[in-house]
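Have a look at the structure below, then the notes.
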Amino acid sequence: MPLTDIEIARAAKKRPIQEIGEKVGIGAEDLLPYGHDKAKVSQSFIDSVKDRPNGKLVLVTAINPTPAGEGKTTTTVGLGDGLNAIGKKAMVCIREASLGPNFGMKGGAAGGGYAQIVPMEDMNLHFTGDFHAITSAHSLLAAMIDNHVYWGNELDIDIRRVVWRRVVDMNDRALRQITASLGGVANGFPRETGFDITVASEVMACLCLATDLADLQKRLGDMIVAYRRDRTPVYCRDIKADGAMTVLLKDAMQPNLVQTLENNPAFVHGGPFANIAHGCNSVIATTTALKLADFVVTEAGFGADLGAEKFMNIKCRKAGIAPDCVVLVATVRAMKMNGGVAKADLGVEDVEAVKRGCANLGRHIGNVKSFGVPVVVAINHFTGDTEAEVQAVKEYVATQGSEAIVSKHWADGSKGSEALARRVAEIAEAGTANFAPIYPDEMPLFQKIETIAKRIYHADEVLADKKIRDQLKAWEEDGYGHLPICMAKTQYSFSTDPNLRGAPTGHSVPVREVRLSAGAGFVVVICGEIMTMPGLPRVPSAEKIGLNAAGEVEGLF
């Protein structure tokens, strides 16, 4: 029986976190340890390296996810280990895991096999408390808004237009829409509200895009929490919550240093969802890593139509960074599913299905190239893949002006990712990237939405009623027209229909709602049936998670 991910992680020979810090020049005095194997990096150290030159930035993204699995985080970790193994000084930067998906569908998000970040159990559970701090800061603001209304409503908030919802880091569909303040005068004024998942909170987005604590407090203060009867906005700073929220987030703002199974340094920090928020780890972690290493390997959530698009159009634009190479992860199994094969039949060789399914991969290659960045396809190898199936993917990718490299990091760690690492290093060091976002700041908001829908999703049109278009125009008049767009849509398809696999054309993108995230600095466009509060599946992963007789966690993968 092969070992499970958690068994491999538990057997890891971890080094003290101070040794990991030393590898990239972080002294023990600049680490705030959380136990022996994880630590936060001090703001004073981060400030001290700001003037150093940047290393090369490698973005790992993927095709649209399928139930067959793609292994984006696994590839990110494997590539980081591979680069270190070939003599490059490399760091990995990924997001923290949300409890919602851990107990829902996924059961963990720290890589897999012999390409993992440890301590795996800690990372997938409470870790260093960052998400609790974000939830608390968000909840403090929610409480202070209702409290302000209760004690006389000096700001003249229209309680029908309070847009600040509540959050909890759990998949709980029962909380999507609630009525608050029931029970009489003592409990305030009844109103409709609801919960989103913590990773969809604008506080999370602010923390992940802020450059330091002063910038964080400004962003928090800029968040719009409600509107008055005359439709003028009420900001977080008007409620006077921004200072206390920043205090709650003081430690959460510092990146978390951990290690891979091969004892290479990794930052795990921040965790905005990619199908709702902007789907990248924190700017402060990525920009700090670029000062410490020659190569930084980071990932963007879900498929390249969501995570990579937002990485390029939002994170790179805001942080002033650009990828030198993009690695697009695909699997033979996922190609077969996109080609119409049922999950139960994936073990049978089917080269024709692989060829049919490659259309999804081809579209992602073209989309990423449109940002002016070179693309390499990583075929994340599964033991059941046949030579003919792998060759079919390689041949197809060659027709798209790119190349595909088989990577066996899941089974073999850095030995399995060496070929991929060498090619990625070669491309990044060649300096051929000519990165540019696909729309300028000054483009009108609705036109930006259309640009993403047509150029990335290959849709024919965007469907939005007059109310939504008028709202976008009003925000432009209020000075928010320069903001980028954060599309909230299903991760399973280029379209808004999760069942439409492959590379669909002739579809429309229906916009259900738009939300202004003035603090984070983007406009969220909610499309189709996407939910900002997920629900648990019929059989949640939580049913299989527990402690064994030795007091160890079981069931997290």
(message) List the residues meeting side-chain contact (heavy atoms from CB on, under 4.5 Å) with Met144, not counting sequence neighbours, and say none if there are none.
(response) Leu140, Ile239, Ala241
(message) If you compare all heavy atoms of Thr286 against all heavy atoms of Cys93, which two are closest, and at what distance to 0.1 Å?
(response) CA-SG, 4.1 Å
Residues 270-277, side-chain donor-acceptor partners within the protein, below 3.5 Å, at least two apart:
from   : atom 1 : to     : atom 2 : distance (Å)
Asn275 : ND2    : Gln491 : OE1    : 3.0

(request) Considering only NZ, NE, NH1 and NH2 on the basic side and carboxylate oxygens on the acidic side, decide whether Asp122 and Lys38 come within less than 4.0 Å. (result) yes
(message) Test your reading of the model: is there a side-chain donor-acceptor pair from Gln43 to the backbone of Gln254, 3.5 Å cut-off?
(response) no
(message) If we ignore hydrogens and angles and just use 3.5 Å, is the side chain of Asp242 paired with the main-chain N or O of Met223 as donor and acceptor?
(response) no
(message) Would the distance check show the side chain of Arg166 and the main-chain N or O of Phe195 forming a donor-acceptor pair, the cut-off being under 3.5 Å?
(response) no
(message) Using modelled atom types and a 3.5 Å cut-off, is there a donor and acceptor pairing between side-chain atoms of Asp169 and backbone atoms of Thr198?
(response) no
(message) Can you give me the closest heavy-atom contact between Gly112 and Thr74, atom names plus distance?
(response) N-OG1, 3.2 Å
(request) Give the C-alpha distance, both sets of side-chain angles, the deciding distance and a yes or no for side-chain hydrogen bond (donor to acceptor under 3.5 Å, both in side chains) between Asn367 and Asp305. (result) CA-CA 8 Å; Asn367 283 350; Asp305 56 315; over 6 Å; no
(message) Minimum heavy-atom separation for Gly113 and Asp5, please, with both atom names.
(response) N-OD1, 2.9 Å
(message) With rounding to the nearest 0.5 angstrom, report the CD1 to CD distance, Ile20 to Gln259.
(response) 4.0 Å
(request) Walk me through it: do Lys369 and Ser402 pass the test side-chain hydrogen bond (donor to acceptor under 3.5 Å, both in side chains)? (result) CA-CA 10 Å; Lys369 278 186 171 180; Ser402 187; 5.5 Å; no
(request) Start with the C-alpha distance between His364 and Asn64, add both sets of side-chain angles, then the distance that settles side-chain hydrogen bond (donor to acceptor under 3.5 Å, both in side chains), and finish with yes or no. (result) CA-CA 9 Å; His364 285 297; Asn64 292 95; 2.9 Å; yes
(request) Return yes if some donor-acceptor pair links the side-chain N/O of Tyr439 with the main-chain N/O of Ile485 below 3.5 Å, else return no. (result) yes
Tabulate below the donor-acceptor pairs under 3.5 Å that side-chain atoms of residues 424-435 make, not counting sequence neighbours, or state none.
from   : atom 1 : to     : atom 2 : distance (Å)
Glu426 : OE2    : Arg423 : NH1    : 3.2
Glu429 : OE2    : Lys88  : NZ     : 3.0

(message) Exactly one of Lys448, Lys489, Met487 should register a side chain to side chain contact (heavy atoms under 4.5 Å, CB included) with Val525. Which one does?
(response) Met487
(message) Ignoring hydrogens, what is the shortest heavy-atom contact between Ala133 and Ala252? Give both atom names and the distance.
(response) CB-CB, 3.9 Å
(message) Quick check for you: to the nearest 0.5 Å, what is the distance between Lys218 atom NZ and Asp212 atom CG?
(response) 12.0 Å
Under 3.5 Å, sequence neighbours excluded: what are the donor-acceptor pairs made by side chains of residues 288-295?
from   : atom 1 : to     : atom 2 : distance (Å)
Thr288 : OG1    : Ile284 : O      : 2.6
Lys291 : NZ     : Lys50  : O      : 3.3
Lys291 : NZ     : Arg52  : O      : 2.6
Lys291 : NZ     : Asn54  : OD1    : 2.9

(request) Could you tell me whether the side chain of Ser201 and the main chain of Ile197 form a donor-acceptor pair under 3.5 Å? (result) no
(request) Before accepting this row, confirm whether a basic side-chain N of the pair Lys23/Glu19 lies closer than 4.0 Å to the acidic partner's carboxylate O. (result) no
(message) Could you check whether any side-chain N or O of Arg422 sits under 3.5 Å from a backbone N or O of Glu418, counting only pairs where one atom can act as donor and the other as acceptor?
(response) no
(request) Could you tell me whether a side-chain N or O of Glu309 sits under 3.5 Å from a main-chain N or O of Gly303, the two making a donor and an acceptor? (result) no
(message) With side-chain hydrogen bond (donor to acceptor under 3.5 Å, both in side chains) as the criterion, how do Thr75 and His409 come out once you've worked through the C-alpha distance, each side chain's angles and the decisive distance to 0.1 Å?
(response) CA-CA 7 Å; Thr75 304; His409 45 272; 3.2 Å; yes
(request) Could you pull out all residues at least two apart from Lys318 that satisfy side-chain contact (heavy atoms from CB on, under 4.5 Å)? (result) Leu209, Ile314, Leu483, Pro484
(message) What's the separation between atom OG1 in Thr331 and atom CZ in Phe382, rounded to the nearest 0.5 Å?
(response) 5.5 Å
(request) Test side chain to side chain contact (heavy atoms under 4.5 Å, CB included) on Tyr114 and Lys415 and set out the steps. (result) CA-CA 10 Å; Tyr114 288 91; Lys415 288 189 182 67; over 6 Å; no
(message) Using a strict threshold of under 4.0 Å (side-chain N to carboxylate O), is an ion pair present between Glu121 and Arg10?
(response) yes
(message) Would you compute the distance between atom SG of Cys236 and atom NE2 of His138 and round it to the nearest 0.5 angstrom?
(response) 10.5 Å
(request) Look at the side chain of Lys315 and the backbone N and O of Cys280, then say whether any donor-acceptor pair between them is shorter than 3.5 Å. (result) no
(request) Not counting sequence neighbours, which residues clear side chain to side chain donor-acceptor pair (under 3.5 Å) with Asp81? List them please. (result) Thr260, Asn264
(request) Without swapping roles, check the side chain of Ser282 against the backbone of Ala285 for a donor-acceptor pair under 3.5 Å. (result) yes
(message) If you compare all heavy atoms of Ile321 against all heavy atoms of Cys316, which two are closest, and at what distance to 0.1 Å?
(response) O-CB, 3.1 Å
